[in-house]
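Written below as structure tokens is the structure these notes are about.
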Amino acid sequence: MADLHAQLAAVRAACPLQHVVTAGYAWPYLEAGKGSEVLLLLPGAMGAADTSFQYILAFQDQYRVISFDYPGTIVALAPLIEGLDRALNALGIARAHVVGGSYSGLVGQFLAAEYPGRVASLLLSNTGAPDGAYAARWHLAANLLAPLPEPWVHAVMRATIRLFLPGDSAVQDFWRAYFAAAIPRLRKEAMVARLRLTGEMNARGLSGHLYRGPVLIVDAGEDALVPARQRSALRVLYPQARCTALDNKGHVASLDEADAYITIYREFLCDRS
């Protein structure tokens with residue numbers, strides 16, 4: 001799909017990958033825009049900073065947009081959340097509207113719980129509430145991948161692409177090619193760490209420390225990765241949330257239906273201004 005290829009190329013050309021180093025970890029990030037408010041974009045488990053290129057282009061005229069990737073050497077929750085806080089501080093960011101989907105929906109919730117003053121609003125999509133009943137499956141996945149050679153892990157990841165992007169549309173063709181190119185750059189240790197972190201976040205839960213600021217929840221009705229129980233519990237956790245459900249959409253809807261998400265995000269953020 002030429003338009004998406006051109007958009008990705010434009011972001012990569014205009015926003016070279018940078019790194020901010022805190023507590024010994026290098027945090028990769030892209031930056032665009034010069035607005036007075038900050039929009040922080042966090043990637044999914046297999047994503048990188050430029051996975052959010054459509055959102056960068058959509059919001060850079062109104063916001064200072066920061067799109068992070070995660071250091072692959074962080075293997076525990078405390079340094080992950082503390083590191084995000086320190087990275088924001090190093091970039092001179094006091095508060096940000098935090099956008100987190102899938103894996104990063106959990107990360108965003110823990111950031112908001114631990115550092116609520118950092119979070120102007122929390123935008124969650126295709127994610128659920130932490131639930132200890134699902135922790136074991138993520139630890140099992142990490143344990144199964146950890147002993148494998150890295151090429152085998154990459155092969156497993158490539159096999160999952162068609163599971164999450166099963167369609168024949170030009171948009172899904174683009175994203176299959178994007179992830180096929182990105183997977184070789186993702187070290188095995190980083191992928192295993194993200195699986196273990198997903199298990200840790202589910203096992204630990206939010207311990208009663210809940211963010212009480214503005215929350216948006218965008219739910220995909222046919223999300224096969226996040227159980228309905230977790231998605232329902234997310235709405236209970238945040239009774240103040242504005243909730244939107246996209247019927248007949250799956251887990252990757254924020255990628256192949258990005259325009260719909262951008263419209264929902266923009267309406268929510270306009271109400272915060």
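Heavy atoms only: backbone and side chains are in, while hydrogens, waters and symmetry mates are out.
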Could you report the tightest heavy-atom contact between Q109 and A129, atom names first, then the distance?
OE1-CA, 4.4 Å
ring-ring contact (aromatic ring centres under 6.0 Å, His included) contacts touching residues 209-266 (sequence neighbours left out):
Y55-Y265
Looking at L148, is its backbone amide N or carbonyl O close enough to the side chain of K188 to form a donor-acceptor pair, meaning the two atoms are under 3.5 Å apart?
yes
Any Lys/Arg nitrogen of D69 or R194 sitting under 4.0 Å from an Asp/Glu carboxylate oxygen of the other?
yes
Less than 6.0 angstrom separating the ring centers of Y29 and H19, yes or no?
no
Return the CD1 to OG1 distance between I217 and T244, rounded to the nearest 0.5 Å.
9.5 Å
So that I can tick it off, tell me whether R64 and E37 are bridged by a salt bridge, with the cut-off set at under 4.0 angstrom between side-chain N and carboxylate O.
no
Does a side-chain N-to-carboxylate-O contact under 4.0 Å join D219 and K249?
no
Any donor-acceptor pair under 3.5 Å from T160 side chain to M157 backbone
yes
Approximate separation, where rounding is to 0.5 Å, of D3 CG and F174 CZ
9.5 Å
Check the side chains of Y70 and S104 for a donor-acceptor pair under 3.5 angstrom, ignoring hydrogens and angles.
yes
Short N-O contact, D168 and R162, less than 4.0 angstrom
yes
